[in-house]
Structure formats: structure tokens, C-alpha cells
There are 2 protein chains.
Amino acid sequence: MATPSIKEVAHRAGVSVGTVSNVLNRPSIVAPATRKRVQDSIKALGFVRNEAARHLRAGRSRTVGLVVLDVANPFFTDLAEGAEALAYENDTVVMVCNSKTDPVREGHHLDQLEQQRVYGVLITPFDSADPQLRALVARGTPVVLVDRAADRGMCSVSVDDQLGGRLAGTHLIESGHRRIAFIGGPLSMQQVADRQAGITTVVEAADHVHLQIFEVDVMGVQHGRAVGEQIAALPRATRPTAAFCANDLLALGFLQAMAATRLRVPQDMAIVGYDDIGFAAAAAVPLSSVRQPAGLLGRTAMELLQEEVEAGDRHRHRQVIFQPDLMVRQSSDLTRR
Amino acid sequence: MATPSIKEVAHRAGVSVGTVSNVLNRPSIVAPATRKRVQDSIKALGFVRNEAARHLRAGRSRTVGLVVLDVANPFFTDLAEGAEALAYENDTVVMVCNSKTDPVREGHHLDQLEQQRVYGVLITPFDSADPQLRALVARGTPVVLVDRAADRGMCSVSVDDQLGGRLAGTHLIESGHRRIAFIGGPLSMQQVADRQAGITTVVEAADHVHLQIFEVDVMGVQHGRAVGEQIAALPRATRPTAAFCANDLLALGFLQAMAATRLRVPQDMAIVGYDDIGFAAAAAVPLSSVRQPAGLLGRTAMELLQEEVEAGDRHRHRQVIFQPDLMVRQSSDLTRR
DNA sequence: GGGCTGAATTGAATCGTCTAAATCGTCGCG
DNA sequence: CGCGACGATTTAGACGATTCAATTCAGCCC
């Protein structure tokens with residue numbers, strides 16, 4: 001009943017456990033006849049390798065932890081898929097953990113992953129200066145920051161968020177908007193702060209353009225809707241005419257609020273989102289969005305991780321930065337459709 | 001540098017490894033002074049438990065595998081969240097695996113999970129009669145089918161998909177539609193077949209109503225759009241006036257195709273989706289959809305799994321079935337808005 | 001003061017796999 | 001015929017945490 005071990009396989013095949021192990025790991029050094037006998041025995045008993053034992057022996061697991069801010073956000077599932085594709089090629093397994101933008105949950109996942117002695121961790125951190133994260137690295141777990149630039153202490157893969165903010169800002173200003181809302185949060189998150197800094201740069205460089213910041217706790221559809229309703233309630237004369245949302249979920253929620261309050265998009269309110277998730281193009285009004293190469297981010301992060309583990313001692317941390325693109329669609333373009 | 005083991009902790013605290021283990025697992029039986037000394041030693045050395053060793057000794061892992069058909073589908077992320085919430089309460093970890101509706105990938109994940117000797121597996125199977133899945137169960141891994149009714153051989157948590165199909169069909173027929181399209185696939189998947197069977201039942205019971213089946217390989221946005229374009233190209237006189245899509249991603253893609261081909265929804269084409277994911281209500285035209293209690297499915301599945309593991313030998317498999325609800329929105333209702 | 005009790009702690013075996021070193025045969029060659 | 005060499009296989013520890021039987025020891029009673 002209980003799963004058989006290598007020992008039982010060996011007994012049934014009339015060989016020692018060492019030989020069975022050799023059949024599993026270096027089949028070429030085992031005599032063909034013996035190998036066959038062992039393989040038959042494995043099949044007959046339904047033997048399945050015990051990863052825990054291998055892991056204990058090897059001292060290192062074949063699982064990579066991926067901690068993301070929000071699994072429900074397609075941006076992160078795309079990212080995960082990119083990472084997993086490469087992991088698959090290297091006989092590694094990806095374990096996706098959802099921190100939900102909550103440092104406590106994030107910490108819990110890091111604890112679990114460290115206890116599992118994972119091969120490494122890819123993480124979109126809530127706060128990259130988190131002492132727990134530093135400690136994890138200090139104790140020797142390879143960590144790659146994702147969607148977030150690191151200082152020299154770690155590898156990272158990110159997208160130039162300031163540029164993303166500038167792209168969105170420039171586009172809106174050139175479209176004639178003078179009162180612009182920025183929606184995102186928490187502002188303590190570097191990605192959000194950078195996107196805001198980017199748009200702030202171009203707003204300040206332009207004349208008579210005003211930027212208003214709306215901070216949210218979590219970047220989900222609900223919160224976008226709430227801010228949208230709040231903004232819709234402002235008097236027309238002072239209400240922003242454009243909104244730059246720090247991710248697409250916020251933007252979709254914001255868009256819903258516009259529909260509910262009968263504000264027309266883009267005539268009364270232009271919207272630009274961030275991430276360019278698949279649903280953005282399929283929204284009520286197709287959503288303009290700053291595109292990030294999610295899959296590539298994930299894949300590259302995994303590459304850096306493997307590089308780090310293989311290079312071992314004298315590995316030099318690298319920070320890879322990608323460029324975002326602005327996808328202009330109807331939600332910010334009066335001339336479309 | 002390398003993570004210290006219990007042995008080093010013991011040495012530094014001047015006690016035996018057994019005592020350290022006791023501090024970790026049964027602190028109450030250790031004398032307060034000793035306990036303190038050990039805890040200090042743990043902190044000073046940065047000791048982290050090795051899960052692999054615990055697992056090997058215990059013979060059972062604290063990880064639950066969850067294999068879903070499509071992580072990018074919010075229905076499954078909601079489901080995962082429900083499962084994880086309960087897992088968290090029981091100091092268990094959920095490992096989400098994405099089969100992408102591909103039996104090969106599914107098999108690969110099952111292999112990995114079995115090698116890890118997981119606590120149990122929750123799976124939305126491609127095919128519940130899959131011999132590999134049966135074998136997994138036969139070798140002793142507890143498995144709960146999710147979103148899919150099982151025969152007596154396993155526990156399962158599902159939703160009455162035939163009822164879901166009947167709800168959608170009845171609604172469309174009562175709205176006056178006589179030519180209805182069903183879009184979904186592969187039809188070999190029980191969920192899809194049941195939804196189709198449901199709508200077929202009510203179509204056949206009605207007079208002069210015709211149902212046309214469009215099978216797809218994968219239920220994603222792309223495929224929905226493709227079928228939508230195909231249907232839009234049909235001559236008006238024979239073209240269906242309503243579409244029932246076997247999930248919301250298909251429906252969203254289908255909706256995009258309608259927009260692209262200038263067919264009005266719901267005037268020219270009514271649409272009903274399935275799952276009622278968050279994006280459904282936020283679509284270009286808010287989407288009618290058959291709602292499934294995703295989070296509850298996940299949570300209940302985890303409950304059944306824990307029940308099965310705890311009951312041990314004389315556990316009786318249970319099949320829990322939930323009822324779906326039809327959420328009528330603008331995409332299938334001319335009277336709205 | 002001998003014997004007993006019970007709390008605190010120790011020591012050793014165990015889980016399943018891997019690997020380096022040791023052993024066993026067999027064969028070829030001098 | 002004996003020795004060396006080599007290929008195939010076995011043996012014997014790790015790896016780190018857990019557990020339980022065994023041990024130690026202080027305290028207490030008679």
C-alpha cells in the first residue's frame with residue numbers, strides 16, 4: 001500500500017540499493033541486463049522517487065518560489081508563465097505565492113520558501129528594503145527581484161517605470177489635457193512611486209498642467225471604481241479630464257465608474273492604464289495602456305536566477321531593465337473609432 | 001554561511017539535538033531556562049527548519065497540489081484563493097499548477113506532485129478517467145476532483161453544470177431567441193459536455209428552437225473571438241441570434257468579435273457566458289453569465305481533502321454539488337440600460 | 001541514608017536517496 | 001599460471017529533524 005522505496009525495488013530486482021540509484025541517475029554505467037531488471041522492478045512496484053529524500057541529500061531543492069503581488073492580475077499570471085516555461089526546460093518546478101500586497105503574507109511565504117530550502121526566489125516585493133528579505137539573501141537563498149530594480153545587493157529584472165509614467169503623461173498632455181489625475185498605491189511601492197515620478201516630470205515641464213494624486217491601498221478593480229466615483233462627483237470645472245492609473249485593474253474599475261456616472265470616455269475623461277493586460281483591449285472602451293513585457297520579465301528573472309546559482313561564489317549581480325511601450329486605444333484618443 | 005542545522009543550535013546552547021527539537025515542537029516540556037537558551041541560540045545563528053528533513057521523517061508533506069486548467073482564468077484564481085485560505089489556517093501550503101488544458105502538462109504536474117509526496121491533490125482534471133490519475137489515487141495520494149463530479153472512487157466538489165446550461169438556455173429561449181449557438185470545448189471535457197447537455201435539454205423541449213454547436217480546443221479569449229468572427233460572417237437569415245459560451249473568456253472574445261464586425265449586443269446577438277468572473281460585469285457590454293461559487297468550491301475541496309486524510313482508512317468519499325445562478329446583464333437583455 | 005518518583009534531558013535509530021570508496025569477478029597478457 | 005586492470009556492483013556513511021526509550025538527577029519520604 002505505502003509507496004515502495006528504492007530498497008524494495010532493489011530487493012525485488014535482486015540488486016543493491018546503490019545499483020537502483022545508478023539506474024535512476026547514471027543508467028549508462030549499469031549493465032544492460034541488470035538495468036532492465038531494475039526498470040521492470042520499478043514498474044512492477046509502481047516506485048516513485050521521493051523528492052524529499054533527494055532534496056535532503058542534495059541540500060538543495062528543485063523548486064523555485066515566485067512571490068507576486070496579486071495572482072488575480074493577469075500581468076502576474078503572464079509573468080509566471082514566462083518563468084515557468086524556462087523552469088520546465090530545466091527540470092525545475094515553480095511555486096507561485098500570492099502576497100496580495102500584504103507584507104505579512106509576503107513574510108509568511110518567504111518563511112515557507114526558506115524552510116523548503118528552495119532553489120531560489122523570484123519576488124515582486126512590497127518593499128525591497130524589507131529586512132526579512134535582506135536576511136533571506138544574507139543566509140544564502142538566491143533572490144531575484146522582479147518588476148522592481150534592485151541596488152547592487154541582488155539581481156533584478158524590471159521595466160523603466162519612470163519612462164512608462166512619462167509616456168503616459170506626454171501622451172495625455174499632447175492630447176490637450178491640463179488637469180490630470182494619477183491613481184495608484186500604496187505610494188511606498190517603488191513601481192507606483194516611479195510611475196508617478198515619471199508623469200510628474202513631464203507635467204512639471206509643461207505649462208499650466210496640474211496633476212492630482214489619488215492614493216489607494218490596493219490596486220484592484222474595486223478601488224479603481226471607488227476613486228472613479230469620487231472624481232466623477234467633483235465639480236466639472238475642476239475635475240480632471242484625464243486619469244493615469246498605475247495598473248489596468250484600477251483603470252478597468254475606473255472605467256466602470258465612468259459608465260455608472262454617465263461620464264463619457266474619452267470625451268469627458270481620458271484613461272490610460274498600465275500593464276496592458278489582455279482584458280484592457282477588450283474593455284467597454286478599449287483601454288490605452290503602458291505595456292510591460294510580462295512574459296519576458298518572468299523568463300529573464302528565471303535566467304538570472306539560474307545564472308546566479310550556477311556561477312556560485314563569484315557571481316556578479318545584474319540589473320536588467322526593459323523599456324515599456326504605450327498602446328494608445330480609444331480610452332484616451334478622441335480620433336479613434 | 002550555510003544554514004545551520006539543529007545540531008549547531010544544540011551545540012551552541014550546550015544541549016542535545018533532542019532538546020532543541022523539543023523546544024521547537026513541544027516547548028512546554030522543556031525547562032524555561034533551557035528553552036530560553038535554545039531560543040537565543042536559534043536566533044543568534046539564524047536557524048531555519050529544514051522542511052525536507054521534517055518531511056522525510058514524517059513521511060508526509062505539508063504541501064497541497066492544486067492543478068487547474070488555466071491560471072489566467074480568474075475563475076481558477078478565485079478558486080485557488082478559497083483553497084489557500086483554508087490551507088493557511090491549517091499550516092499547509094498550496095502549490096498551484098497550470099495544466100493549460102493539456103493532458104501532457106497535467107501528467108507532468110501530477111508526476112512532480114507525487115514525487116513530492118504531497119499531502120494531497122486538488123485537480124480540475126482534463127479527463128477524470130485518466131489512468132495516471134487513477135494510478136496516483138491507487139498508490140495512495142488523496143485526490144479531490146474540483147469543478148467536476150466524480151464517481152464513487154474519489155471525493156469531488158462540483159457545480160451542477162447541466163443546470164447551468166438549462167438556466168442559460170431557458171433564459172435565451174424566453175427572451176425570444178430561436179437560433180442559438182453553443183461555444184465551448186473540447187467537448188470531451190465533462191464540464192463542457194454537461195453545459196451543452198443542459199442547454200440541449202431545454203432547446204429540445206421548446207418548439208422551433210435550433211442549437212448549433214461550435215467546438216474549440218481551448219477556452220480562451222482568442223478562440224472566442226475567432227468563433228465570433230466566423231459566426232458574424234454567416235448570412236443574417238441563418239445566423240444565430242444568441243450565443244451561450246462555456247466560459248467567460250470565450251464570451252469576452254466573442255464580444256470583441258461582435259464589436260469588430262459591428263454587430264450590436266444584445267440587439268443583433270445576445271451573449272451568455274459562464275463562471276461570472278469579475279471582468280464579465282466590466283466588459284464593453286456587461287456580460288450575462290452563469291455564476292459558480294469559485295471561492296467556495298476551492299475551500300470545500302480543501303475541506304474534503306483534510307477530511308479524507310484525517311479519517312484515514314475508513315473514509316467514505318463524498319461528492320458535493322453546488323447550484324449555479326444566472327446573472328442577467330445587458331449582453332442578453334434588451335430591456336436593460 | 002536508601003529507595004523512589006518524576007521531571008528534564010540525552011542518545012540512537014529512522015525516514016529514502018545519493019555517492020565515494022571498497023569489493024568482487026573476469027579477462028587478458030606476459 | 002599469476003598478476004594487474006577494469007567493469008560491475010555493493011557497502012557504508014551522510015543529509016537534518018523527529019521520536020521514544022533510556023538515563024540522569026534533584027527532591028522527598030520513611
Side-chain angles (χ1 to χ4, degrees), chain A residues 1-39 41-42 45-62 91 111-112 114-119 139-140, chain B residues 1-39 41-42 45-63 91 112 114-119 139-140:
Chain A
M1 185 93 275
T3 331
S5 78
I6 216 178
K7 203 189 291 179
E8 286 145 84
V9 172
H11 179 252
R12 186 178 214 274
V15 299
S16 74
V17 295
T19 299
V20 177
S21 182
N22 281 334
V23 170
L24 293 170
N25 299 300
R26 280 106 80 221
S28 64
I29 72 160
V30 179
T34 315
R35 195 192 314 156
K36 170 109 179 32
R37 209 147 27 91
V38 171
Q39 280 162 346
S41 170
I42 285 175
L45 292 173
F47 166 78
V48 176
R49 264 160 130 136
N50 184 324
E51 175 64 23
R54 300 185 74 187
H55 173 181
L56 175 59
R57 178 72 227 271
R60 170 187 301 160
S61 136
R62 285 162 43 250
D91 194 27
D111 281 344
Q112 296 289 340
E114 190 173 12
Q115 288 186 18
Q116 290 186 45
R117 297 291 191 278
V118 287
Y119 181 90
R139 280 192 294 265
Chain B
M1 186 93 274
T3 332
S5 78
I6 214 179
K7 203 188 288 180
E8 286 144 84
V9 171
H11 180 253
R12 185 178 214 275
V15 299
S16 74
V17 295
T19 300
V20 177
S21 181
N22 282 335
V23 170
L24 293 169
N25 298 299
R26 279 107 75 219
S28 64
I29 72 161
V30 179
T34 315
R35 195 192 313 155
K36 169 108 181 29
R37 211 147 25 92
V38 171
Q39 281 161 346
S41 169
I42 286 175
L45 293 172
F47 166 77
V48 176
R49 263 162 132 139
N50 184 324
E51 174 65 23
R54 301 185 72 187
H55 173 181
L56 175 59
R57 181 71 229 274
R60 170 188 299 161
S61 139
R62 286 161 42 248
T63 299
D91 194 28
Q112 295 289 342
E114 188 173 15
Q115 287 186 19
Q116 289 186 44
R117 299 289 191 278
V118 287
Y119 181 90
R139 281 193 293 265

Subject >> From CA spacing to verdict: side chain to side chain contact (heavy atoms under 4.5 Å, CB included), A:Asp91, B:Gln112 >> reply: CA-CA 10 Å; A:Asp91 194 27; B:Gln112 295 289 342; 4.0 Å; yes
Subject >> Full working for side chain to side chain contact (heavy atoms under 4.5 Å, CB included) between A:Arg117 and A:His55 >> reply: CA-CA 9 Å; A:Arg117 297 291 191 278; A:His55 173 181; 3.5 Å; yes
**OP:** Rounded off to whole Å, could you give me the CZ-to-C1' distance for the A:Arg62 and C:dT17 pair?
**Re:** 13 Å
Subject >> Upstream residue (5' side of DNA chain C) when B:Ala58 and A:Asn22 are each assigned their closest nucleotide >> reply: B:Ala58
Original post:
Just how far, in rounded Å, is P of C:dA8 from NZ of B:Lys36?
Top reply: 18 Å
Original post:
If only side-chain N and O atoms of B:Arg60 are considered, is one of them under 4.0 Å from the OP1 or OP2 phosphate oxygen of C:dC15?
Top reply: no
Original post:
Could you give the distance from CZ (A:Arg35) to CG (A:Leu24), rounded to the nearest 0.5 Å?
Top reply: 12.0 Å
Subject >> Between C:dT14 (P) and B:Asn50 (CG): distance, integer Å >> reply: 21 Å
Subject >> Near-strand residues of residues 12-19 of chain A, defined as heavy-atom separation under 4.0 angstrom from DNA chain C >> reply: A:Gly18
Original post:
When all nucleic acid strands are considered with a 4.0 Å heavy-atom cut-off, which category describes B:Arg35: base, sugar-phosphate, or nothing?
Top reply: nothing
**OP:** Would you classify B:Ser21 as touching base, sugar-phosphate or nothing, given that sugar-phosphate means primed atoms plus P, OP1 and OP2, and contacts are heavy atoms under 4.0 Å?
**Re:** base
Original post:
Which atom names give the shortest non-hydrogen contact between A:Val9 and A:Ser41, and what distance separates them?
Top reply: O-OG, 3.0 Å
Original post:
From A:Glu51 CD over to A:Arg62 CZ, what is the distance, rounded to the nearest 0.5 angstrom?
Top reply: 4.0 Å
Original post:
Base, sugar-phosphate alone, or nothing: which one does B:Val20 contact when heavy atoms must sit under 4.0 Å apart?
Top reply: nothing
Original post:
Whole Å only: how far is the NE2 atom of B:His55 from the P atom of D:dT18?
Top reply: 13 Å
Original post:
Out of C:dT17, D:dT18, C:dG16, which has the shortest distance to the side chain of A:Arg54?
Top reply: C:dT17
Subject >> Which atom of B:Leu45 lies closest to which atom of B:Glu8, heavy atoms considered >> reply: CD1-O, 3.7 Å
Subject >> Closest-nucleotide ordering on DNA chain C, the 5'-leading residue of B:Thr34 and B:Arg117 >> reply: B:Thr34
Subject >> From D:dA8, C:dT17, C:dT9, nucleotide with atom closest to A:Ser5 side chain >> reply: C:dT17
**OP:** Starting from P on D:dG16, measure out to CD1 on B:Ile6 and report it in whole angstrom.
**Re:** 11 Å
Subject >> Nearest-angstrom distance from the residue atom CG of B:Leu56 to P of D:dG16 >> reply: 12 Å
Original post:
Over how many whole Å does the gap from A:Asn25 atom CG to C:dT17 atom C1' extend?
Top reply: 9 Å
Original post:
Does B:Arg57 have a side-chain nitrogen or oxygen under 4.0 Å from the phosphate oxygens OP1 or OP2 of D:dC15?
Top reply: no
Subject >> Nearest-angstrom distance from the residue atom CD1 of A:Ile29 to C1' of C:dT19 >> reply: 10 Å
**OP:** Would you mind reporting whether A:Val38 and A:Val30 have side-chain heavy atoms less than 4.5 Å apart?
**Re:** no
Subject >> Heavy-atom side-chain proximity of A:Ser21 to A:Ile6 below 4.5 angstrom >> reply: yes
**OP:** Report the nucleotide, chosen from C:dG16, C:dT9, D:dG16, that has the shortest atom-to-atom distance to any side-chain atom of B:Val30.
**Re:** C:dT9
**OP:** Could you work out which one of D:dT19, D:dT18, C:dT9 sits closest to the side chain of B:Leu24?
**Re:** D:dT18
